[in-house]
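Side-chain atoms are counted along with the backbone in the values below, which use heavy atoms only and exclude waters and symmetry mates.
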Amino acid sequence: MNRMDMTQYRRSTVGFDRLFDLMERQARNAGGDNYPPFNIERRGEDQYRITLAVAGFRPGDLDITAQQNLLVVQGRKRDESVDGEMLHVGIANRGFERRFELADYVRVENADLADGLLIIDLLREVPDAMKPKKIAIGGQKPLEIVKDDEDDSAAA
């Protein structure tokens, strides 16, 4: 059974519908294709790296598309003629599409292909308007520490 029941969490939260839908969709699709293999690494508080093993693909064969909350990596199969007769084909050279759901404010910072590994660096940049801030109640200034007159006379 791949269905996750999020009912108890949906009752006590507001605005997390997208997150719960995403988790349920991922649970349903968990048995999908695992090609190409990949790693997801957290490199800092707001820095991430996705590494895909794409042996045999050239930069021109790969397409990386970033849109709001979604990163899509596609590899196109290349038709190559072989000079001899293939006795065993163990290196996969098939097309693929790998999708990664991204959190809000995560953007692709860099992508590089080296040694058969496609490395995609991601960065989360929260706008200043979305960062936490202190709110004064009733528009009043924050309270200040009030000194007691008795403490001043005892010190003198």
Side-chain angles (χ1 to χ4, degrees), residues 1-137 139 141-142:
M1 180 176 185
N2 285 339
R3 176 105 167 98
M4 296 174 64
D5 186 13
M6 297 289 177
T7 307
Q8 65 183 7
Y9 302 110
R10 289 182 188 265
R11 274 187 258 145
S12 60
T13 60
V14 176
F16 289 92
D17 299 335
R18 183 180 174 280
L19 175 65
F20 296 134
D21 292 342
L22 174 65
M23 290 173 65
E24 289 172 347
R25 189 174 40 239
Q26 290 294 339
R28 281 192 302 270
N29 297 334
D33 188 14
N34 291 329
Y35 178 78
F38 65 93
N39 293 336
I40 299 177
E41 175 185 0
R42 185 176 192 160
R43 301 181 55 84
E45 176 127 359
D46 292 322
Q47 297 175 322
Y48 301 89
R49 174 172 283 174
I50 298 173
T51 305
L52 289 98
V54 291
F57 285 88
R58 298 180 186 135
D61 301 334
L62 299 169
D63 186 35
I64 302 169
T65 305
Q67 48 191 317
Q68 184 174 356
N69 301 102
L70 183 64
L71 174 67
V72 179
V73 180
Q74 293 178 313
R76 289 179 295 285
K77 182 178 177 182
R78 205 173 43 245
D79 292 328
E80 291 187 3
S81 61
V82 180
D83 293 338
E85 178 184 354
M86 294 296 287
L87 300 177
H88 173 73
V89 178
I91 299 173
N93 186 17
R94 64 179 194 246
F96 69 89
E97 178 176 289
R98 176 69 73 178
R99 294 173 171 265
F100 298 94
E101 297 281 342
L102 302 178
D104 292 337
Y105 313 115
V106 172
R107 67 173 178 83
V108 175
E109 187 175 43
N110 187 36
D112 193 26
L113 179 65
D115 301 325
L117 298 175
L118 175 63
I119 298 169
I120 303 170
D121 290 318
L122 304 167
L123 181 64
R124 179 176 44 206
E125 292 181 327
V126 179
D128 289 337
M130 301 302 291
K131 291 183 180 174
K133 54 187 169 250
K134 295 284 185 182
I135 307 297
I137 298 173
K141 293 182 182 178

Residue pair V73, I50: steps toward the side chain to side chain contact (heavy atoms under 4.5 Å, CB included) verdict: CA-CA 11 Å; V73 180; I50 298 173; over 6 Å; no

Test ring pair (Phe, Tyr, Trp, His ring centres under 6.0 Å) applied to F100 - qualifying residues, sequence neighbours left out: F38

Heavy-atom pair with the smallest gap, counting every atom of L52 and P36: CD2-CG, 3.7 Å

Point-to-point distance, once rounded to the nearest 0.5 Å, from OH of Y48 to CZ of R43: 13.0 Å

Compile the donor-acceptor pairs under 3.5 Å between side chains in residues 56-64 and protein atoms, sequence neighbours left out, one pair per line.
| residue | atom | partner | partner atom | Å |
| --- | --- | --- | --- | --- |
| D61 | OD2 | R58 | N | 3.0 |
| D61 | OD2 | R78 | NH1 | 2.0 |

Counting only pairs under 3.5 Å, give me each side-chain donor-acceptor contact of residues 112-126, with atom names and distances, residues two or more places apart or in other chains.
| residue | atom | partner | partner atom | Å |
| --- | --- | --- | --- | --- |
| D121 | OD1 | R49 | NE | 2.7 |
| D121 | OD1 | R49 | NH2 | 3.1 |
| D121 | OD2 | R49 | NH2 | 3.3 |
| R124 | NE | D46 | OD1 | 3.0 |
| R124 | NH2 | E45 | O | 3.1 |
| R124 | NH2 | D46 | OD1 | 2.9 |
| E125 | OE1 | R107 | NE | 2.9 |
| E125 | OE2 | R107 | NH2 | 3.2 |

Over all atoms of both residues, closest heavy-atom pair of E101 and N69: OE1-O, 3.4 Å

Pairwise distance CG(D104) to CD(Q68) - rounded to 0.5 angstrom: 7.0 Å

Distance (rounded to the nearest 0.5 Å) between K77 NZ and R94 CZ: 10.0 Å

